Amino acid sequence: YVGALTYITEKWRAFAVGFVVVLLLLAGAFFLWQNQQAKAEHNSYLLGQLMDAYGAPIDAAAKGGSSQLTFTTEGQRTQAVETRLSAYAQSAGVNSPMAVYYKALLQARAGNPSGAATTVSPLVGDTKLAPVALSLRARLYEGQAQWDKAEADYKALTVLNTPAWTQADGWLALGEFYQRRGQKEKAADAFGQVEKTAGKDAGEDPLAKRAKAKLDEMKGVA
């Protein structure tokens, strides 16, 4: 004990310096954590503003006073969305997934489906955004009559499983694609897969019920 106390007494400066260094490291880590939290909250706010503008309705008769965001012309809405997208991209990064996704949506809305498909393509490999990215690109290809590419994307949706997307979602989307194409046999097969992938609770599953309704519609069941 005496030896240890003597050692500490002799080396107190080193211990003090070490203690201060540890405190500085902890303070720095805490500052970075707070800064990241603040930035994340700011980005979330900017994204919410962007989503509100993109989804806002066009109402030529709007006079203000309503709590709902409304634009009188399409050009006015587009300008607002572009401004908010620029602010979000500047904060979160121009290559951040949601910035890229909304850029693609803007291109699609502006009548540039080819450009939108190219823009959204990097997101199909993103674990979280793959379902919406593939869904968007599939519809863009479908709108350009690029049937093979659209079908490939719809098929890719049938193997995805995320908290917000299931294989049943994918099979339903593929079935509806075939139905729009008039390919009844393929559509029926895809709708049949919805119930199988929904599992034992398929009887109460809304996707399975929707798929069954589609099958009945195709068969002419009242």
Side-chain angles (χ1 to χ4, degrees), residues 25 27-58 68-71 73-170 172-174 176-177:
L25 289 173
F30 181 70
F31 174 78
L32 287 175
W33 177 79
Q34 278 195 316
N35 188 52
Q36 289 174 347
Q37 288 291 104
K39 186 173 183 179
E41 290 176 3
H42 181 60
N43 288 345
S44 180
Y45 169 77
L46 292 176
L47 180 58
Q49 293 287 297
L50 171 59
M51 294 171 70
D52 286 344
Y54 184 85
I58 302 296
Q68 181 183 19
L69 182 62
T70 307
F71 297 103
T73 66
E74 179 62 45
Q76 191 182 67
R77 180 173 65 180
T78 298
Q79 184 178 8
V81 174
E82 288 177 345
T83 299
R84 296 184 184 198
L85 175 57
S86 177
Y88 175 75
Q90 186 175 3
S91 179
V94 293
N95 294 321
S96 63
M98 293 308 295
V100 172
Y101 182 67
Y102 271 91
K103 179 182 177 182
L105 288 179
L106 266 180
Q107 289 175 313
R109 181 177 275 178
N112 182 13
S114 178
T118 300
T119 297
V120 80
S121 288
L123 299 183
V124 301
D126 185 283
T127 304
K128 295 180 180 178
L129 285 180
V132 292
L134 279 169
S135 295
L136 175 59
R137 194 174 70 173
R139 292 305 293 251
L140 291 168
Y141 284 149
E142 187 178 350
Q144 299 174 82
Q146 297 186 43
W147 311 121
D148 290 343
K149 289 184 177 180
E151 183 180 20
D153 278 354
Y154 282 119
K155 285 183 175 180
L157 287 168
T158 67
V159 298
L160 291 180
N161 249 327
T162 73
W165 183 271
T166 67
Q167 289 180 311
D169 287 296
L172 183 63
L174 179 62
E176 290 174 337
F177 166 70

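Everything quoted here is computed from the prediction, not taken from an experiment.
- Looking only at distances, no side-chain donor or acceptor of Asn43 sits under 3.5 Å from a matching main-chain atom of Ala40.
- At least one donor-acceptor pair closer than 3.5 Å links the side chain of Trp165 to the backbone N or O of Leu157.
- If you check the side chains of Thr119 and Gln107, you find a donor sitting under 3.5 Å from an acceptor.
- When all heavy atoms of Ala99 and Val94 are compared, the closest pair comes out as CB-O, 4.0 Å.
- Closest approach of Ala150 and Glu142 over heavy atoms only: CB-N, 3.8 Å.
- To the nearest 0.5 Å, atoms OG1 (Thr70) and CD (Gln76) are separated by 10.0 Å.
- Rounding to the nearest 0.5 Å places CG of Leu46 at 10.5 Å from OG of Ser86.
- At least one donor-acceptor pair closer than 3.5 Å links the side chain of Thr158 to the backbone N or O of Lys155.
- In this structure, CG on Asp126 lies 12.0 Å from OH on Tyr101, to the nearest 0.5 angstrom.
- Counting non-hydrogen atoms of neighbouring residues, nucleotides and ligands closer than 6.0 angstrom, the CD atom of Gln144 exceeds 12 such neighbours.
- Between the NZ atom in Lys149 and the CG atom in Leu140 there is a gap of 11.5 Å [rounded to 0.5 Å].
- Formation of a donor-acceptor pair under 3.5 Å by the Ser91 side chain with backbone atoms of Ala87 is not found in this model.
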Evaluate the criterion side chain to side chain contact (heavy atoms under 4.5 Å, CB included) for residue pair Asn161 and Thr166; output intermediate values, then yes/no. CA-CA 5 Å; Asn161 249 327; Thr166 67; 3.9 Å; yes
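- With Arg84 contributing its side chain and Gln49 its backbone, the two residues share a donor-acceptor pair below 3.5 Å.
- Side-chain atoms of Tyr141 and Glu151 include no donor-acceptor pair closer than 3.5 Å.
- Here Leu106 contributes atom CG and Glu82 contributes atom CD; the two are 6.0 Å apart, rounded to the nearest 0.5 Å.
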Which is it for Val120 and Val100 under the side chain to side chain contact (heavy atoms under 4.5 Å, CB included) test, yes or no, and what are the steps along the way? CA-CA 7 Å; Val120 80; Val100 172; 5.7 Å; no
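- Separation of atoms CG (Asp153) and CD (Gln146) is listed at 10.5 Å; rounding is to 0.5 Å.
- Residues forming a side chain to side chain contact (heavy atoms under 4.5 Å, CB included) with Ala156 (at least two apart in sequence, or on another chain): Leu134.
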Dump the intermediate steps for side chain to side chain contact (heavy atoms under 4.5 Å, CB included) on Tyr88 and Ser96, then the final yes or no. CA-CA 9 Å; Tyr88 175 75; Ser96 63; 3.8 Å; yes
Set out, in order, the CA-CA distance, both residues' side-chain angles and the distance that settles side chain to side chain contact (heavy atoms under 4.5 Å, CB included) for Tyr102 and Met98, then state yes or no. CA-CA 6 Å; Tyr102 271 91; Met98 293 308 295; 3.6 Å; yes
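- Contact detail for Pro122 and Thr118: the closest heavy-atom pair is CD-O, 3.5 Å.
- Side-chain atoms of Thr78 and Arg109 form no donor-acceptor pair, as typed in the model, at a separation below 3.5 Å.
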